[in-house]
Amino acid sequence: MRLRFAPSPTGQLHVGNARTALFNWLLAHGKEGTFILRIEDTDAERSTRESEAGILDDLRWLGLDWDEGPDVEGPHGPYRQSERLHLYASYANELMAGNHAYYCFCSPQQLDADRRARLDEGLPPGYLGTCRNLSPEEVQRRLDAGERPVIRFRVPEGVDVAFQDLVRGEVTFSSAVISDPVIVRSDGRPQYNFAVVVDDALMEITHVIRGEDHISNTPRQLLMYQALGFTPPHFAHLSLVMGPDHTPLSKRHGATSVAQFRERGYLPEALVNYLALLGWSPGGDEELLPIGELASRFEIEDVGHSAGIFDPEKLAWMNRHYMKAASPGRLAAESARYFLQAGYILQRTPEAMEYLASLLPMAVGSVDRLEEIPERVRFVFAYDAVAALARPEIAAVLDDPGARAVLAALAEEITGPLLDRESFRAMANRIKDRTGQKGKSLFHPIRAAMTGEGGGPELDLAVPAIDRGAALAAGARVSRIMSCHERARSFARATEKL
RNA sequence: GUCCCCAUCGUCCAGAGGCCUAGGACGUGGCCCUUUCAAGGCUAAAACGCGGGUUCGAAUCCCGCUGGGGACGCCA
């Protein structure tokens, strides 16, 4: 079994395409097949090496590695269409020689006018067949006159083209509705429908899994397989990924490219797991499965027929799950960039990374994305008693009759660093005994003084984290962290001024 | 307009003629836990688009309608 993913490098990898790549990968890996990456860069105007590099990078990040492709090569290379031009030329000649193709001299303007006219008449806007039966003499004359024709494939008349789609069953088209496609452009570059056929045949692809938008290309490709004497592969057409308004997922729905999800702090296994479940079910009740498990359960025939709506909420849920499952060290490495951006750490020193790793477990259960982690532990790095008290919800803490007593006791009780939860709890208990405050009345003022916020992670985790940070030496390259001792005094002072 | 594809809770799936009083997950509501916000646990509401057949029996098969999507490029 040989499968391929064939993106055109004209932009970032879209999640819909990533899903197509994933389904190909899952089938290849579940069946001990070969997964091939081919770059479809015949559109010279829009294709760039930057996009290609980006797409390869995104696929690797997702964990969708390939056995043959432009960077690894293999027995059926090259794997970039722009490097296979001689092959297309040779097969185009073969088609011309067999009268399966012909020169078409119609100008783009003419074609466009024809199309409009047909549409206005309520007719299908396909190619009219103007140049289908030009005499050899006229062809030669126009060639000699310097005209640059395209080559069109001659679609046989009056036949039905049918194929067994692996996900949809039998699909039939009448050749009457298929107009002669361009296979070679006037500048000699091959056109998509032709290049895929040549490549899939030469690369011995056995299963073509692609988007539903290609379903109507399939009959003309099948006809070309026939004319070229190739055995066609099996086809499977995946329904498209839509936005909440049932239109194809696009920028106005928010993030759509793998790079953007990566940027925003989604973990690759979350995106992979989510995408796999969009249009397919591994069976049973579990949905959170590693990619290898997804592969071993994957059957292309089980893929759903209808379009799926991309649900960011469910993705977020999966991402939370995988963030909680990730090791603190990995989390620190993955989210360091956001801490750098926020200015909370100045450099990725081993001490800074270790400190981040110690900080993350308390934050990770309550955010959707890595990007949101710094905000969740902001209180550690950016503490300002005066600014905090300027906020109504913090000032309101003082309304509680016992609050000032708690704050006074707090300032006296913190005499040194509180480096573990036991010392914090012991201190909280001493304040409780001294002031008679408990529960909310006890902890709210403490939280306000220690973090400057009205909510956040549990205090017996947060407080030691603050003092561990405050103890970090300057060489650790973490922005200066005010200790709990300093905070208590600073907050008490700011309170007196109110 | 023509051709093709599709149709189960708001969303993603399960369901391959009786196991369906239609199951799970996300989301939503409620309750519990709790020093807060989350998280977590429990729980509730929530769907077979419509109309005809076939059959003893249809979410499941057939036809039509409606609705949605795709294609109709010297883009891929």
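Throughout, protein chains are lettered first and strands after them, A, B, ... in sequence-line order, and every chain is numbered starting at 1. Reckoned from all heavy atoms, side chains included, excluding hydrogens, waters and symmetry mates.
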Review point. Do E372(A) and R376(A) meet the salt-bridge criterion of a basic N to acidic O distance under 4.0 Å?
Key: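 Result for this pair is no, no salt bridge flagged.
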Exercise for review: Could you tell me whether D187(A) and R148(A) have a side-chain N and a carboxylate O separated by less than 4.0 Å?
Suggested key: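 So D187(A) does not pair with R148(A) through a salt bridge.
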Check your understanding: With no hydrogens and no angle check, do the side chains of S82(A) and D41(A) hold a donor and an acceptor under 3.5 Å apart?
Key ->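 D41(A) and S82(A) do have a side-chain donor-acceptor pair below 3.5 Å.
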Exercise for review: Any pair with a residue in residues 164-191 of chain A that passes ring-ring contact (aromatic ring centres under 6.0 Å, His included), sequence neighbours left out, goes on the list, sorted by first then second residue, please.
Suggested key: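 Not a single pair qualifies under ring-ring contact (aromatic ring centres under 6.0 Å, His included).
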Check your understanding: Choosing from rU36(B), rA76(B), rC72(B), which nucleotide comes nearest the side chain of P125(A)?
Key ->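 The closest nucleotide is rC72(B).
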Review point. Nearest to the side chain of N193(A), which nucleotide is it out of rC6(B), rC74(B), rA76(B)?
Key: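 Given the options rC6(B), rC74(B), rA76(B), the side chain of N193(A) is closest to rA76(B).
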Let me check something: any side-chain donor-acceptor pairs from residues 117-131 of chain A under 3.5 Å, sequence neighbours excluded? List them with distances.
unit_1: R118(A); atom_1: NE; unit_2: P124(A); atom_2: O; d: 3.0
unit_1: R118(A); atom_1: NH2; unit_2: P124(A); atom_2: O; d: 3.2
unit_1: Y127(A); atom_1: OH; unit_2: T130(A); atom_2: N; d: 3.4
unit_1: Y127(A); atom_1: OH; unit_2: C131(A); atom_2: N; d: 2.9

Study note, to complete from the structure: Expected string for nucleotides 20-29 of chain B under the B/S/- scheme (protein heavy atoms, under 4.0 Å, primed atoms plus P, OP1, OP2 as sugar-phosphate) is ----BBBS--
Practice item. Produce a footprint string for nucleotides 41-50 of chain B: one letter per nucleotide, 5' end first; B if the base is under 4.0 Å from any protein heavy atom, S if only the sugar-phosphate is, - if neither. Key: ----------
Exercise for review: Could you list the residues that satisfy side chain to side chain contact (heavy atoms under 4.5 Å, CB included) with H253(A), not counting sequence neighbours?
Suggested key: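 H253(A): side chain to side chain contact (heavy atoms under 4.5 Å, CB included) contacts with P244(A), D245(A), T247(A), L249(A), S250(A).
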Point to revise | C1' gap between rC48(B) and rG23(B), integer Å | key: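 Those two atoms are separated by 13 Å.
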Exercise for review: Using the P atom on both, measure rG15(B) against rU60(B) and round to a whole Å.
Suggested key: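 Approximately 15 Å lies between the P atom of rG15(B) and that of rU60(B).
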Counting only pairs under 3.5 Å, give me each side-chain donor-acceptor contact of residues 217-225 of chain A, with atom names and distances, residues two or more places apart or in other chains.
unit_1: N217(A); atom_1: ND2; unit_2: H214(A); atom_2: ND1; d: 3.3
unit_1: T218(A); atom_1: OG1; unit_2: R210(A); atom_2: NH1; d: 3.1
unit_1: T218(A); atom_1: OG1; unit_2: H214(A); atom_2: O; d: 3.1
unit_1: T218(A); atom_1: OG1; unit_2: I215(A); atom_2: O; d: 3.2
unit_1: T218(A); atom_1: OG1; unit_2: H237(A); atom_2: NE2; d: 3.1
unit_1: R220(A); atom_1: NH1; unit_2: S179(A); atom_2: O; d: 3.4
unit_1: Q221(A); atom_1: OE1; unit_2: R210(A); atom_2: NH2; d: 2.6
unit_1: Q221(A); atom_1: NE2; unit_2: N193(A); atom_2: OD1; d: 2.9

List the atom pairs, donor and acceptor, that lie under 3.5 Å between side-chain atoms in residues 448-464 of chain A and the rest of the protein, sequence neighbours left out.
unit_1: T451(A); atom_1: OG1; unit_2: R447(A); atom_2: O; d: 2.8
unit_1: T451(A); atom_1: OG1; unit_2: E453(A); atom_2: N; d: 3.0
unit_1: D460(A); atom_1: OD2; unit_2: R425(A); atom_2: NE; d: 2.9
unit_1: D460(A); atom_1: OD2; unit_2: R425(A); atom_2: NH2; d: 2.5

Practice item. Quick one: sort the F261(A) and F310(A) rings into parallel, tilted or perpendicular, breaks at 30° and 60°. Key: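 Because their plane-to-plane angle lies in the 30° to 60° range, the rings of F261(A) and F310(A) count as tilted.
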Could you pull out the protein-nucleic contacts involving nucleotides 68-71 of chain B (nitrogen or oxygen on both sides, under 3.5 Å)?
unit_1: rA71(B); atom_1: O4'; unit_2: S216(A); atom_2: OG; d: 3.3
unit_1: rA71(B); atom_1: O2'; unit_2: S216(A); atom_2: OG; d: 2.6

Point to revise | Of all pairs that satisfy side-chain hydrogen bond (donor to acceptor under 3.5 Å, both in side chains), the ones with a partner from residues 310-326 of chain A, not counting sequence neighbours | key: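 Listed once each, the pairs are N273(A)-Y322(A), E287(A)-K314(A), R320(A)-D368(A).
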Review point. Who are the side chain to side chain donor-acceptor pair (under 3.5 Å) partners of S51(A), not counting sequence neighbours?
Key: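 For S51(A) the side chain to side chain donor-acceptor pair (under 3.5 Å) partners, ignoring immediate neighbours, are T48(A).
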Review point. With D433(A), which residues qualify under side chain to side chain donor-acceptor pair (under 3.5 Å), at least two apart?
Key: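 Per chain and number, D433(A) pairs via side chain to side chain donor-acceptor pair (under 3.5 Å) with no residue.
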Check your understanding: Considering Watson-Crick and G-U wobble pairs with both distances under 3.5 Å, what does rG40(B) pair with?
Key ->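 Across any shown strand, rG40(B) pairs with rC32(B).
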Review point. In residues 41-50 of chain A, which residues come under 4.0 Å of RNA chain B by heavy atom?
Key: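 The stretch gives T42(A), D43(A), R46(A) as the residues lying under 4.0 Å from the strand, ordered by number.
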